[in-house]
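Heads up, the thing below is written out as structure tokens.
Below, read A as the first sequence line, B as the second, and so on, with proteins coming before strands; counting in each chain starts at 1. Keep in mind that this is a model prediction, so the values were computed, not measured.
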Amino acid sequence: MMATMSWAHPHVFADVTVQAVFDETGFIGVQNHWEYDEIYGTSMFAAADANGDGLLSKKELESLKEATLDPLAKQNYYNYVLSGTKFLPALNVENFQATKKNGKLVLDYLIRFFVPVSNEYKFLVIVVADPSNYIQITSDMGNSDAKAPDALEVEYYDDSLDGLTMMKSFRSEVEGLYVRFKK
Amino acid sequence: MRSSVATLFVALLLLCAQFSFSAVTKKKFSMDGSTASAETVESIASSERVKSKAPSDSVVQDNQSVVSIHDSHIFCLTENFADQQKKLRENIAAKITAMKNGESGIIWTFLLICFLYGMLHALGPGHGKSIVVGYFLARKGKWKHGIALGAGITFTHTLSAVILLFVLYGILKAAVFPSFELGRQGIEKVSYGLVCFTGLLLIGIAVHDLVKLLRSRHIGENKAGEVAVSKNTSWKELIGVAAVTGIVPCPAVALIVLFCLLNSMVALALASAGAVCVGMTVTNMLFGIAAVALKKGIDKGAAKTGWLAAYIHIVASFAGGLVVFLAGLFMLC
């Protein structure tokens with residue numbers, strides 16, 4: 001999957017921030033905040049808004065989730081969480097929310113992962129990117145962060161992916177959120 | 001007074017306690033587990049989001065020995081094109097909204113932006129440029145052929161998008177785009193398969209020419225070359241290549257057209273598709289002209305080599321076929 005080069009060209013544009021989410025048991029997922037470009041977002045919103053009232057009912061929200069996220073399931077929802085030398089598989093999607101902000105479609109949801117906490121530091125690198133470049137994702141890791149209970153010690157920073165051979169398929173300006181955590 | 005001081009004291013204690021037990025910290029650390037380079041960038045209380053951007057330039061600057069393939073100038077240029085496309089598309093959306101609100105005077109600016117967007121969009125991979133170059137390496141063509149193939153591919157690419165979108169819009173109305181994407185992905189696979197097949201055909205022609213050349217050597221090397229080398233491309237062949245390559249509907253065109261339709265602006269939808277198409281055509285035509293020029297250069301150089309010319313032509317034809325085949329294969333995979 002990661003060996004894919006950027007053969008495609010962007011048709012969809014999205015500005016993304018994330019939050020690494022922890023509970024007492026460890027790392028439990030990545031909270032995604034996606035703001036799509038107006039042209040694509042309007043098309044997807046209109047497709048989901050079956051009765052055309054400009055609001056999304058529970059059923060319409062589910063339909064939007066199917067249209068926007070289900071096709072990304074095979075690509076791990078473009079959430080790449082590197083733990084050691086392995087990418088963690090996404091377990092499921094939770095708390096899917098959709099709103100419109102200045103005409104733009106904004107999606108918020110949690111992609112579930114799991115890494116148990118221990119007394120030693122565990123390290124993660126979180127990247128949100130589309131290696132095929134069909135969606136040009138601008139992930140703002142400088143404004144991304146982490147959320148954890150007091151029982152855990154979590155540290156993070158944002159930086160480029162230079163030097164990470166597992167991340168060579170990504171565009172050079174893609175940044176990662178580097179996280180470590182322990183009890 | 002006393003109560004105010006006590007309240008302040010309690011508040012300070014609470015604030016200190018909050019920071020002492022802060023669970024989440026924005027700080028630099030080493031990924032190998034050592035803490036030597038640890039430097040706090042920003043500390044926050046648990047469950048609170050960071051409000052301000054940290055000076056990311058101050059964090060880890062080492063560990064940069066592995067140079068990514070994406071550091072090349074060409075890739076940076078592609079990224080820049082992609083960023084420009086993002087800005088242009090935001091501009092297109094803003095102009096459509098403005099025209100919906102009565103600012104019809106900006107139509108020419110809008111069409112110019114669509115044209116520029118088309119030009120930049122076609123520079124990205126997947127618009128048939130490598131196929132145009134590969135094809136004219138394999139087949140002799142005139143300037144008009146180069147222009148026609150470049151234009152033909154983008155015209156088909158746009159027209160297929162507009163037709164598919166209008167047909168689906170007629171059936172599904174606003175719910176059209178996910179179905180458009182499904183349709184596009186299906187057509188895409190068939191098209192890429194046919195591009196691979198075209199590449200194999202061109203390789204086949206090159207091999208056929210080689211066999212003919214080797215069998216005709218008894219009549220003299222120069223004459224054998226004339227007998228063996230395939231003739232110029234034909235219009236029929238060009239139409240076939242343009243159809244096979246361009247048949248994949250362009251999602252970029254479809255999205256702009258749909259955005260206009262959702263704003264009840266049918267004429268603008270067609271005008272925008274036309275402007276994007278012309279922009280993409282300019283880019284592809286330039287590649288077509290460059291490809292014909294390359295082939296003419298090779299042929300001119302080869303002619304000076306005498307009997308070797310036919311072999312050079314066959315090698316170029318084989319390479320061209322291979323380029324087309326690999327272009328299809330990469331997109332298929």
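Taking each heavy atom of B/Lys26 and A/Ser144 in turn, the nearest pair found is NZ-O, 4.4 Å. Scanning all heavy atoms of the two residues, the minimum distance from A/His11 to B/Leu255 falls at O-CD1, 3.5 Å. In this structure, A/Glu38 and B/Ala93 approach most closely via the heavy-atom pair OE1-CB, 3.7 Å. In plain terms, the two heavy atoms of B/Phe177 and A/Met44 that are nearest each other are CD2-SD, 3.8 Å. Of all non-hydrogen atoms in B/Arg89 and A/Val12, the two that sit nearest each other are NH2-CA, 3.8 Å. Shortest non-hydrogen contact noted between A/Tyr157 and B/Lys27 is CD2-O, 3.2 Å.
When side chains are defined from C-beta on, A/Gln136 counts as touching B/Asp83, because their heavy atoms get closer than 4.5 Å. Contact check for A/Asp145 versus B/Val24: no side-chain heavy atoms found under the 4.5 Å cut-off. Within the 4.5 Å cutoff, side-chain heavy atoms of B/Pro251 are placed close to those of A/Tyr134.
Proximity to chain B (any heavy atom under 4.5 Å) is restricted, for A/Val179, to the backbone atoms N, CA, C and O. For B/Leu258, the part lying under 4.5 angstrom from a heavy atom of chain A is the side chain only. For chain B, the nearby part of A/Leu124 is the backbone; its heavy atoms alone come within less than 4.5 Å. Residue A/Thr138 touches chain B through its side chain alone, counting heavy-atom pairs closer than 4.5 Å. Residue B/Thr97 touches chain A through its side chain alone, counting heavy-atom pairs closer than 4.5 Å. Heavy atoms closer than 4.5 Å to chain A are found in both the backbone and the side chain of B/Ile256.
More than 12 heavy atoms of other shown residues, nucleotides or ligands fall within 6.0 angstrom of atom CZ in A/Phe113. The neighbour count for A/Asn102 CG, taken as heavy atoms of other residues, nucleotides or ligands under 6.0 Å away, does not exceed 12.
Separation of atoms CZ (B/Phe29) and OH (A/Tyr178) is listed at 9.5 Å; rounding is to 0.5 Å. For the atom pair B/Lys86 NZ and A/Asp15 CG, the distance stands at 3.5 Å (nearest 0.5 Å). Between B/Phe259 atom CZ and A/Thr42 atom OG1 the span is 4.5 Å, to the nearest 0.5 Å.
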